[in-house]
Every structure is written in C-alpha cells, then in structure tokens.
Amino acid sequence: EIGGSHLNPFPVFFSAIELENGSLDDIQFNNLILSASYRNHRVLVNNFLLETQLGSVRGDGWFNYNFLSGELKYFDQDKLDLSLLFENIDLVKFNRYLPWGLESRGLISGSINIEGTFANPDITSEINIQNPGFDKINGESLKGKIYYNNKRLDFRNLSLITETGHYSGS
C-alpha cells in the first residue's frame, strides 16, 4: 500500500510493503516488510524486516534524501540516524559490496548504528561471525566492535578462535 499527496510543494508519502519469496539484488528472501514515510526531504523507516532462509535483518531510523530533485539526491550535510540488527547473514552473498578483494565467509550476527551526516557518519557496530573465513584464514568464531568516526576505522575487543588457538586484539 502506498499513499500520499504530491499537490503541495512539500509532498508526503506513506508506504506499507510486504513481499514474499523474492530476491533483492540477487539476495533471495522469504519475507520483506517495509513501513516508511517521506516528508520534508526525510525518509522515516518505521519498520524494515528482511528474512532469508538462514537469518534476518531488522531496522528503523531516518535519513534525508531528495526524491524530487533531478540532480544530487543527498548533500554532504544531510543527516541520518539508522539502526540495524542482523542475525545469521551469509557473508558470501555480500562479497561484491565489501571494499577488499578477499573472499569473506561466515554467518554474521550483530548490530550497526549509523548517525551523523552523509559526509561524516558515526558508525558503531558489534559483530559475531560463526565460521569466519577471509581468503585462506579460517576460524570457528570472530567477535568484536567496529567504530568509524572522523574518517577513521577502529576495531576493538577483537577475539578470533581458530582450530589452533585464540587470538585477540584492539
């Protein structure tokens, strides 16, 4: 269901979408639910749920975005505040989006919060990967926290358990 008005200079749109057994950019899903609205160049996501055979992603929040512009859709100073919880997501499905050339494997669970502006987001994430693999490195589990702030990426409280030992670092 999609509703709204485009007659005033500041249109308002509402959506409630539920899809079953489909794919989103080659990612197969069992269920996709999205409840969102758009007003004053802000997208408000009330509920996002993506369920796959293995796991799920849940989220909510908001971000500035200009759907009505024929040019740049967002500006560096536009703000965002998004939260996602994910459980048993297969990393193999996301290799093409990752910024390194190494194959990544495992089932990742955790959370991510993104705040700030598009130009300078503050990102906080806690992850737990079961059976992690990065190129030729294989493990039983990898846990840690990831922070991105002021164009700096920090890893904290990392713990990697492999068949041969336990490794930690910050």
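The structure presented is a predicted model; accordingly, all values stated were derived computationally and were not measured. For this chain, numbers begin at 1 and follow the sequence in order. Worth knowing before you read on, the calculation uses all heavy atoms, side chains too, and leaves out hydrogens, waters and symmetry mates.
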Inset, instruction - May I ask you to test the Leu158-Tyr167 pair for a side-chain heavy-atom distance under 4.5 Å? - result: no

Legend entry - ILVMFWY network linking Val12 to Leu44, side-chain heavy atoms under 4.5 angstrom: no

Inset, instruction - Apply the side chain to side chain contact (heavy atoms under 4.5 Å, CB included) test between Val57 and each candidate in Ile112, Leu85, Ile89; give the one that qualifies. - result: Ile89

Inset, instruction - Starting at CD of Glu115, measure out to CZ of Phe63 and round the result to the nearest 0.5 Å. - result: 15.5 Å

Inset, instruction - Keeping the roles fixed (side chain from Asn95, backbone from Ser104), state whether a donor-acceptor pair exists under 3.5 Å. - result: yes

Legend entry - For Leu54, the rest of its hydrophobic cluster, which grows through side-chain links under 4.5 angstrom: Leu107

Inset, instruction - Carefully, step by step, assess Asp25 and Arg96 under the rule salt bridge (Lys or Arg N to Asp or Glu O under 4.0 Å). - result: CA-CA 11 Å; Asp25 199 23; Arg96 67 176 169 205; 3.4 Å; yes

Inset, instruction - Any chance you could measure Phe118, atom CZ, to Lys79, atom NZ, to the nearest 0.5 Å? - result: 12.5 Å

Legend entry - Flag for Asn113-Thr124: side-chain donor and acceptor within less than 3.5 Å: no

Inset, instruction - Using the side-chain contact (heavy atoms from CB on, under 4.5 Å) rule, take Phe94 and Ile108 through it: C-alpha gap first, then chi angles, then the decisive distance, then the call. - result: CA-CA 11 Å; Phe94 294 90; Ile108 187 170; over 6 Å; no

Inset, instruction - Please say whether more than 12 non-hydrogen atoms of neighbouring residues, nucleotides or ligands are located less than 6.0 Å from CD in Gln53. - result: no

Legend entry - Euclidean distance, Asn47 CG relative to Ser35 OG, rounded to 0.5 Å: 6.0 Å

Legend entry - For Phe48 against Leu34, the heavy-atom pair lying closest together: CD1-CD1, 4.1 Å

Legend entry - Contact check, side chains of Asn30 and Thr52, non-hydrogen atoms, under 4.5 Å: no

Inset, instruction - Taking all heavy atoms of Gln28 and all of Ser23, pick out the closest pair and write down the distance. - result: NE2-CB, 3.5 Å

Inset, instruction - Dump the intermediate steps for side-chain contact (heavy atoms from CB on, under 4.5 Å) on Asn31 and Glu18, then the final yes or no. - result: CA-CA 7 Å; Asn31 200 18; Glu18 185 167 346; 3.8 Å; yes

Inset, instruction - Taking the side chain as every heavy atom from C-beta outward, state whether Asn46 and Asp60 have any pair of such atoms under 4.5 Å apart. - result: no

Legend entry - Shared hydrophobic cluster, Trp62 / Tyr65 (ILVMFWY, side-chain heavy atoms < 4.5 Å): no

Legend entry - Cluster check Leu32, Leu82: I/L/V/M/F/W/Y, side chain < 4.5 angstrom: yes

Inset, instruction - Kindly say whether Ile17 contributes a backbone atom to a donor-acceptor pair with the side chain of Ser15 at under 3.5 angstrom? - result: no

Legend entry - Check: Ser111 main-chain N/O paired with Ser125 side-chain donor or acceptor under 3.5 Å: yes

Inset, instruction - Using the salt bridge (Lys or Arg N to Asp or Glu O under 4.0 Å) rule, take Arg152 and Asp154 through it: C-alpha gap first, then chi angles, then the decisive distance, then the call. - result: CA-CA 7 Å; Arg152 179 181 166 154; Asp154 291 319; 2.8 Å; yes

Inset, instruction - Decide yes or no for Asn138 and Arg105: does some side-chain heavy atom of the first lie under 4.5 Å from some side-chain heavy atom of the second? - result: yes

Legend entry - Linked hydrophobic residues, Val92 as query - side chain contacts closer than 4.5 Å: none

Legend entry - Pairwise distance CG(Asn88) to CD(Glu51) - rounded to 0.5 angstrom: 12.5 Å

Inset, instruction - Supply the atom-to-atom distance Ser141 OG to His166 NE2, rounded to the nearest 0.5 angstrom. - result: 7.5 Å

Legend entry - Hydrophobic cluster partners of Leu49 (side-chain heavy atoms under 4.5 Å): Ile33

Legend entry - Stacked cation flag Arg156 on Tyr147, 6.0 angstrom / 45 deg: yes

Inset, instruction - Answer yes or no: are there more than 12 heavy-atom neighbours, outside Ile137 itself, under 6.0 Å from its atom CD1? - result: no

Inset, instruction - Starting from the C-alpha separation in whole Å, work towards a yes-or-no answer on side-chain contact (heavy atoms from CB on, under 4.5 Å) for Leu80 and Asn64. - result: CA-CA 6 Å; Leu80 65 160; Asn64 292 111; over 6 Å; no

Inset, instruction - Look at the side-chain heavy atoms of Ile, Leu, Val, Met, Phe, Trp and Tyr, link any pair under 4.5 Å apart, and say whether Ile127 and Ile161 land in one connected group. - result: no

Inset, instruction - Fit a plane to each ring of His41 and Tyr38, take the angle between them on a 0 to 90° scale, and name the class: parallel (under 30°), tilted (30 to 60°) or perpendicular (over 60°). - result: perpendicular

Inset, instruction - Go through the steps for Ser56 and Leu50 under the test side-chain contact (heavy atoms from CB on, under 4.5 Å), then give the verdict. - result: CA-CA 5 Å; Ser56 64; Leu50 177 69; over 6 Å; no

Inset, instruction - State yes or no: do Val45 and Phe86 share one hydrophobic cluster built from I, L, V, M, F, W and Y residues joined by side-chain heavy-atom distances below 4.5 Å, directly or via other members? - result: yes

Legend entry - Pro132 versus Leu160, closest heavy-atom pair with distance: CG-CD1, 4.2 Å

Legend entry - Side chains of Gln130 and Asn128, donor plus acceptor under 3.5 Å: yes

Legend entry - Pairwise distance OH(Tyr148) to CG(Leu153) - rounded to 0.5 angstrom: 8.0 Å

